[in-house]
Structures are given as C-alpha cells and as structure tokens.
Asker: 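Just passing along the structure, written as structure tokens.
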Amino acid sequence: MKESVLSAGIDIGTSTTQLVFSRITIENTASMVSVPRMSIVDKEVIYRSDIHFTPLKSRTEIDGDEIRKLIEGEYNKAGIRPSDLQTGAVIITGDTARKENASEVLKNLSDLAGDFVVATAGPSLEGIIAGKGAGADLYSREKGAVVANLDVGGGTTNIAVFRNGEVIDTACLDIGGRLIRFTDSKRNVAYLSDKIKILLSKMNINICEGDILSHADAKRVSAKMACVLEEVIGVKTPSKDLDLLITDCDLRRDYQIDYVTFSGGVADCIEKADRSLDDYTYGDIGILLGHAIADSDLSVKRDVLKSIETIRATVVGAGSHTTDISGSTITVTGSALPIQNIPVLKLTSDDEDLPVEKWGEVIKRKVKWYRLENEQQKLALAFKGRRNISFSQIQVLADSIIYGLENGSEDDSPLIIVVENDLAKALGQTLKVRLDFNRDVICIDTVKVENGDYIDIGRELSESKVVPVIVKTLLFNY
Amino acid sequence: MISEDRIKGIIENVLREMGSGEISTDLRTREATVSDDDIVDFGATDLRKQLLVPNSANEEAYLKLKETTPARLGIWRAGPRYMTQTQLRFRADHASAQDAVFNSVSEEFIKEWGILEVSSKCKDKDEFLTRPDLGRQINDETAEILRKNCVNKPKVQIVIVEGLSSTAIEVNARDTFESLTQGLKGHGIEGGTPFFIRNGRVPSMDSVSEVLQPEVTVALVGERPGLATSESLSCYIAYKASTSIPESARTVVSNIHQMGTPSVEAGAHIADIVVKILEQKTSGIDLK
C-alpha cells in the first residue's frame with residue numbers, strides 16, 4: 001500500500017524567493033504479517049517555480065503583498081490549490097529573516113499554505129535544510145563520512161556539518177553574493193552591508209555607497225570572503241575576520257571534515273568552469289565570490305562533491321526534507337490536529353533513569369519552571385521511553401504523566417506526548433482510560449526531539465494512519 | 001601421503017602427553033574454582049551493538065547498519081572460521097530455541113495469571129511434536145470444561161495457545177493480553193473468558209471457537225523460534241472461526257518480542273484490528 005502526500009516548500013531569501021511542490025510517498029515496509037512500519041520511500045520534486053527576486057519595500061521591509069501575488073501566481077501555474085497540500089514549510093531565510101516585518105509576512109501567507117506549517121527558520125535550521133536539499137546528509141550516510149555543506153546565498157553563508165547522516169554542527173556567516181550591490185556594470189556601489197563596510201575599511205578600501213569599487217578591490221574582497229570560508233572549515237587558521245563575519249555561532253572544528261558540498265546561488269558560479277559570463281551580470285559580487293571560492297584552497301584541501309541542488313537547495317529542503325512521519329502505532333484524536341509550534345519539554349536521561357513512579361514529581365517541577373519562564377502554556381512532553389515496558393509499568397507511567405501535567409482541572413487542551421521508542425499506542429490508550437476519555441490525547445512515537453525544539457503535528461493520513469511531523473530544532477543555537 | 005604407521009605414531013605421542021597424571025589433576029582443580037559469576041553469558045550481549053571487526057574504518061557507520069538487522073554482521077573471523085565467541089553464541093541461541101520448544105509453560109505461571117487451563121488432544125510434549133493433527137483438536141471433556149467455565153458466544157474470545165515457544169508465552173503473552181483487553185475496553189468491547197491451551201497449535205483456536213462461538217477469536221501463540229529470538233509471539237485473529245475456515249481467513253500479527261514489536265504496543269494495535277474485523281465482519285486477506 002502506497003500513499004503520497006503533497007508538500008510545499010517556500011523560501012523567501014535575502015535575494016530570491018522560490019517555491020517547490022514535492023510528492024512524498026509513504027509505504028508500509030514491514031511484511032504483511034507484522035505490525036505496519038510506515039516509511040518515507042520516495043521524495044520527488046514535482047514542480048519548481050521560477051527564481052524570483054525577493055520584493056522589498058525598503059531595505060528593512062519585505063513587500064508582503066508582492067510576495068503573496070508571486071506565490072499565488074506559482075500555485076496557479078502548477079495547478080495546485082492550498083487545500084491539496086498536507087504538509088510543507090515556508091521559511092524566511094538569511095538577511096531577510098532579520099527584516100522588521102518577517103513574521104507579518106508569514107502570517108499573511110498562512111492561508112495560502114493551507115493547514116501546513118509556517119515557520120521562520122533560525123540560521124541553524126536554515127543551514128540544515130539547505131544541507132539536506134543539497135544532499136550532504138545523504139552523502140555523509142552513504143560514505144560514512146563527515147560532509148559540510150556551505151550554502152552561499154545572497155546575504156549569508158549557512159553551514160551544516162553531517163556525520164553518518166546526522167547533523168553534528170552548524171554555523172552562519174555574513175558572507176554572500178549580494179552584500180555588495182551595484183547600480184550598473186560600471187561597479188557604482190548601490191549597497192554595502194554594515195559588516196562589509198567594516199571589512200572593507202580593515203582592508204583599506206575606503207568607499208561608500210555611490211562610489212565606484214575597482215575591479216581589483218572587488219576581487220580582493222571576494223578573495224577575503226573565500227579566505228574566511230577556508231578558516232571556518234579549518235583549512236586555514238582562524239583570524240579576526242572570521243570573528244567579524246560570524247553571524248551567531250562558529251563551527252566547533254573538533255572533527256575532521258572529509259567532504260564539502262556547495263549550495264545557494266553562488267554555488268553555481270563555483271561549479272561552472274565556464275567564465276565567459278560577465279563578472280557583474282547580476283549587479284553584485286556573486287560571480288566573483290564563486291570564482292574566488294573555486295580558486296581557494298577549499299577545493300584543493302577538501303574533496304568537493306557535486307550537490308544535488310544548488311540555488312534551490314533550501315527550497316527543496318523545505319519542501320522535501322522538513323517533513324517526517326510518526327511511528328505507525330500511535331494515538332491521536334483527529335479533531336485536535338493539526339497543531340503547530342508546540343515547544344518540546346524533554347526529560348533528561350537522568351530523569352528517565354528514575355523509577356516511573358517518581359516521574360510525576362519531575363514532570364510537575366519541570367512544567368512549573370517552564371511556565372514561569374515562558375508565556376506559552378501549551379507544550380509537548382517528550383522522553384525516550386523504555387522499550388518493552390510492561391503493562392503494569394505503563395499504567396504507572398500514565399498516572400505519573402497525568403499527575404505531572406495536570407495544573408488546573410479547567411485545562412482541557414490535548415495532552416501532547418512525544419516518545420522515541422515504540423510505545424505510543426499503548427501509552428495513549430492508557431492515558432485515555434486513566435483520564436476517563438475526558439481529554440484528547442495525542443501520543444506519537446518514533447520521533448526524535450530535543451529539549452527546546454518546536455514540533456508541528458499534521459492531520460492523520462487516511463490510509464497509513466501516521467501523522468506528518470516537522471521538528472524545528474533550535475539545538476544548535478545555544 | 002603420510003603413512004598409516006606415522007599417523008599412529010603421532011596419535012600415540014599425543015595420547016601419551018594427554019595422559020600425564022599431572023595435567024589432569026591441574027584441570028580438575030581449576031574446574032572446582034570456577035564460580036557462576038566467572039562464566040560469561042553469551043546470550044546476554046546485544047548482537048546489534050557488538051562489532052567484532054578490529055580497527056574498522058568507520059565503527060559508527062557499521063554499528064548504524066547493524067542496528068537495522070538481527071543478522072550476524074561484523075563478526076570477524078579466526079582464520080577461515082568464526083571466532084570462538086561467535087561460535088558459542090550461535091550454539092547458545094540454538095540451545096535457547098530448543099529450550100523454548102521442548103519446555104512447557106510452567107503451571108505456576110498460569111496459576112499466577114489466574115486463567116483457566118485446558119489441553120489439546122496431545123497428552124505430552126512428545127505427542128505434541130510428533131502429532132500435529134492432535135495439537136489442533138480438543139476432546140469432548142475439554143469442550144465440556146469450556147462450556148461450563150466460559151462465557152458463551154462472547155463478542156471476542158481471547159485464547160493463549162502454547163504453540164512452539166513456551167518462552168514466548170511466559171515473556172510476552174500476558175502484557176499483550178492486558179494491553180489488548182484495555183484497548184478493547186476503550187472501544188466498549190468486553191472479551192469472553194480467557195484460557196490457556198497447553199500443547200495447542202494455531203488451529204486449536206478453531207476447535208474451541210466451535211464450542212464457544214465467539215464473533216471474533218484472538219489467539220496468542222508461541223511462535224516457532226529461530227536463532228534471532230526464542231521469545232517471539234504471534235497473534236492470529238479470525239472472524240467466526242471454525243474448523244472449516246481456510247488459513248487465509250486468519251489475520252496475523254507476528255514478531256511480538258523485545259526486538260520486534262513490544263508486547264504492550266502489539267496488544268494496543270491488535271485491539272484496533274479486532275474493531276476493524278467486527279466492523280467489516282471478515283478477517284484475513286478479505287480485511288481491508
């Protein structure tokens with residue numbers, strides 16, 4: 001039995017706005033005589049939009065109406081209605097995420113997005129999404145190696161490092177093709193980002209917007225950016241320039257990177273050996289930056305793998321690789337879904353080592369703390385859970401959870417429980433019995449989350465009885 | 001070619017060396033000092049987490065692969081053969097499979113559970129193993145016991161069938177049963193009187209169903225053990241079971257054990273299947 005869901009990915013980046021529709025196919029991979037095991041067996045991008053320049057009202061404001069029009073236009077072209085979509089992600093990336101009206105723009109798009117998920121990406125998540133779109137996670141799993149993807153976009157470079165298919169590190173730098181923009185091919189400077197201004201003055205290139213940047217200086221600053229990328233990857237010793245250009249966090253560099261992939265708009269200028277294109281075709285330093293990276297030690301000292309997607313890595317990642325599915329035996333109440341942006345409160349492994357009788361107090365204490373520190377009252381309780389828990393222990397566990405989460409009898413929002421091991425159906429049923437069927441229970445398993453993540457849970461799929469899940473990790477932000 | 005005389009000579013030499021009185025005393029003393037704590041339990045190691053390949057290029061990736069299968073991968077070798085621990089583990093697993101088949105579910109276990117016990121037509125384990133036909137049937141007295149002690153025509157009848165693994169019953173049947181019963185209750189379904197069929201095979205569920213006539217019969221049966229686990233339980237479910245139903249009318253949920261589907265989760269899942277069978281009034285391959 002195969003079932004497919006339609007997923008949308010929308011990426012509103014510093015320079016470009018794109019959309020893809022992906023078909024995600026789910027199939028039971030267990031034998032006919034076993035409990036079903038649903039897995040994602042195929043992800044196929046079925047529609048790729050044109051690459052549009054992101055409409056801006058001013059330097060600090062996104063033009064929400066124009067974006068809406070643009071997205072609507074692409075829906076029409078693809079012949080897809082918002083109601084056809086079961087999942088997906090809209091993300092505002094790079095510099096654009098720091099624009100004043102980002103969340104308002106997202107809200108404005110949410111009805112177009114149907115039921116699915118709307119999210120602003122942090123730089124870490126953005127890097128991870130791009131890395132998956134580029135195929136770096138896949139390479140690292142196939143080769144059993146450490147693969148770093150550098151998504152070099154217009155405003156930022158997002159780096160995600162994968163080992164054996166798992167993310168192990170992320171970083172974000174203010175390096176991009178459109179941090180210097182020109183009004184014309186004579187290199188009349190139209191825009192300089194703040195950090196680039198500092199970098200230029202450190203290099204004794206004293207120009208402001210309106211001046212002309214010499215070709216030699218444009219090449220020098222591009223080479224400098226490529227040099228900082230060498231530093232962040234560990235090919236060169238880190239300098240003060242790296243500190244300057246780090247957006248929020250640096251790589252740890254306590255592991256060896258075996259391979260590198262490139263994505264983002266600039267990646268196309270790295271891979272294309274053909275240098276017939278005029279250096280300033282796009283009115284920015286993107287092409288020069290691409291050439292500088294190609295000429296740097298990055299390509300010499302590390303094996304460069306060809307990424308699956310370049311300029312579309314982030315949008316494909318958003319459309320195809322953000323959605324996962326829950327385990328096949330779960331407990332959900334249809335009317336309570338979908339739910340979005342639920343913060344995850346996860347028990348530590350020390351907590352889990354305690355006998356389940358004691359979990360109630362632990363949960364109660366943690367929930368109380370959490371509610372003191374955060375305004376949002378809704379949360380998902382997560383834990384790994386013991387495999388092969390006995391029936392009597394599961395009764396105790398259910399009682400502990402109810403005791404820990406019940407903070408006022410008037411609260412009738414659903415209990416949301418996310419477990420890693422396969423026990424959600426039994427636990428969910430037990431919780432319902434223990435609550436006298438008076439409260440909705442959403443209990444899902446085979447989903448790995450960390451404390452501080454946010455989770456979106458979609459509606460149950462009609463055939464396979466699994467729910468689409470999107471985990472937004474903030475793990476690498478602290 | 002070595003001549004026969006030469007071989008004889010070698011054997012004689014070896015035997016002489018082995019026959020030395022000093023060595024054998026030494027062996028005896030050593031034997032006496034070995035306590036149970038010193039003996040390694042080869043069955044206790046989780047094979048999926050054990051990688052015997054020395055200096056593997058990427059241990060993490062290898063272990064990740066091993067997580068996905070109970071197959072004995074990465075066991076390395078001694079010359080062209082298995083290493084001693086691999087060989088011993090193989091034999092240990094084979095031994096526990098044999099134990100599961102040849103041992104019976106203990107009477108204490110059934111007593112403690114507090115469910116009724118009946119037997120198939122087989123009088124003992126030997127007959128059970130040699131006469132599959134008798135393991136499928138019950139005699140008239142057993143039918144009478146069931147009639148007397150069990151709810152007649154229940155909506156759902158759960159039976160525990162010893163099958164080919166006593167270990168599976170002792171380890172997994174009860175949790176599966178409790179979870180299944182809870183699941184059914186959640187749907188407002190009360191089960192009939194559960195009981196245990198000693199020396200029973202899968203179709204014994206048909207024989208007892210002809211007596212009690214439930215709408216749905218659920219049998220939890222000890223699965224024929226393999227080398228991966230000896231604790232695996234299967235569940236067979238049939239709508240209006242009788243000795244005339246074809247095998248294709250049974251819905252099966254297999255591999256209920258520690259490394260497969262955990263028992264409580266399986267029980268909860270089976271409850272939903274039973275509900276579906278009651279709705280569609282059919283089971284097996286006709287169930288949608």
Side-chain angles (χ1 to χ4, degrees), chain A residues 1 29-37 39 140-146 162-166 168 255-256 258 327-332 385-395 397-398 419 421-437 441 443 445-446 463 465, chain B residues 46 56-65 67-68 171-188 223 231-232 234-237 247-248 250-273 275-276 284-285 287-288:
Chain A
M1 182 201 71
T29 55
S31 81
M32 210 181 92
V33 297
S34 294
V35 171
R37 185 175 55 239
S39 317
S140 79
R141 190 174 325 135
E142 277 173 3
K143 294 181 183 288
V146 177
F162 300 87
R163 177 165 60 208
N164 298 327
E166 309 277 347
I168 58 163
Y255 45 82
Q256 168 79 30
D258 304 308
S328 312
T329 49
I330 54 170
T331 307
V332 291
R386 257 161 252 178
R387 258 194 87 83
N388 301 297
I389 188 168
S390 71
F391 184 76
S392 56
Q393 284 289 84
I394 223 166
Q395 306 293 315
L397 173 61
V419 237
N421 278 323
D422 185 10
L423 54 96
K425 194 168 195 98
L427 179 60
Q429 282 187 357
T430 309
L431 284 167
K432 280 177 149 180
V433 170
R434 294 290 184 179
L435 290 162
D436 291 329
F437 297 90
V441 173
C443 187
D445 61 25
T446 330
E463 302 241 341
K465 304 290 176 206
Chain B
D46 183 352
S56 63
N58 189 337
E59 195 176 314
E60 206 180 319
Y62 211 145
L63 285 169
K64 224 171 170 179
L65 173 76
E67 259 171 40
T68 63
V171 176
N172 289 309
R174 193 156 177 192
D175 279 332
T176 310
F177 169 82
E178 306 270 14
S179 183
L180 163 61
T181 309
Q182 173 180 273
L184 289 176
K185 266 192 195 144
H187 289 286
E223 219 171 76
E231 298 175 355
S232 188
S234 276
C235 173
Y236 292 81
I237 318 159
E247 288 302 317
S248 59
R250 293 186 223 279
T251 299
V252 188
V253 177
S254 71
N255 284 301
I256 303 167
H257 60 91
Q258 216 167 34
M259 298 310 291
T261 304
S263 45
V264 286
E265 196 67 354
H269 176 66
I270 295 163
D272 280 7
I273 296 180
V275 170
K276 215 156 79 173
I285 56 169
L287 189 73
K288 296 284 171 279

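All figures in this text were calculated on a predicted structure; none of them were measured in a lab.
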Asker: Sort out for me which of A:K143, A:R141, A:M32, A:R163 touches chain B most, counting heavy-atom pairs under 4.5 Å.
Answerer: A:R163
Asker: Quick check: does any side chain N or O of A:R387 sit under 3.5 Å from a backbone N or O of B:P262, one acting as donor and the other as acceptor?
Answerer: no
Asker: Check each atom of A:A145 against the heavy atoms of chain B and say whether the ones under 4.5 Å are side chain, backbone, both or neither.
Answerer: backbone
Asker: Per the side chain to side chain contact (heavy atoms under 4.5 Å, CB included) rule, which among A:L427, A:D445, A:I330, A:V35 passes with B:E265?
Answerer: A:D445
Asker: Of the non-hydrogen atoms in B:N255 and A:S34, which two are nearest, and what is the gap between them?
Answerer: ND2-OG, 3.8 Å
Asker: Is it the side chain or the backbone of A:T430 that comes within 4.5 Å of chain B heavy atoms, both, or neither?
Answerer: both
Asker: Can you tell me how far the CG atom of A:N164 sits from the CD atom of B:E60, to the nearest 0.5 Å?
Answerer: 4.5 Å
Asker: Check each atom of B:N172 against the heavy atoms of chain A and say whether the ones under 4.5 Å are side chain, backbone, both or neither.
Answerer: neither
Asker: Any idea which of B:V252, B:L65, B:T251 has the most non-hydrogen atom pairs under 4.5 angstrom with chain A?
Answerer: B:V252
Asker: Looking at CD of A:Q429 and NE2 of B:H187, how far apart are the two atoms once the value is rounded to the nearest 0.5 Å?
Answerer: 6.0 Å
Asker: List the residues meeting ring-ring contact (aromatic ring centres under 6.0 Å, His included) with B:F177, not counting sequence neighbours, and say none if there are none.
Answerer: B:W113
Asker: Under 4.5 Å between any side-chain heavy atoms of B:D272 and A:K425, yes or no?
Answerer: yes
Asker: Using modelled atom types only, decide if a donor and an acceptor are shared between the side chain of A:N388 and the backbone of B:Q258 within a distance under 3.5 Å.
Answerer: yes
Asker: Any side-chain heavy atom of B:E178 sitting closer than 4.5 Å to one from A:Q395?
Answerer: no
Asker: State, yes or no, whether a side-chain contact exists between A:P36 and B:H269 at a heavy-atom distance under 4.5 Å.
Answerer: yes
Asker: Which atoms of A:I394 are under 4.5 Å from chain B, going by heavy atoms: the side chain, the backbone, both sets, or neither?
Answerer: side chain
Asker: At a heavy-atom distance under 4.5 Å, which candidate from B:A61, B:S254, B:G186 has the highest pair count against chain A?
Answerer: B:S254
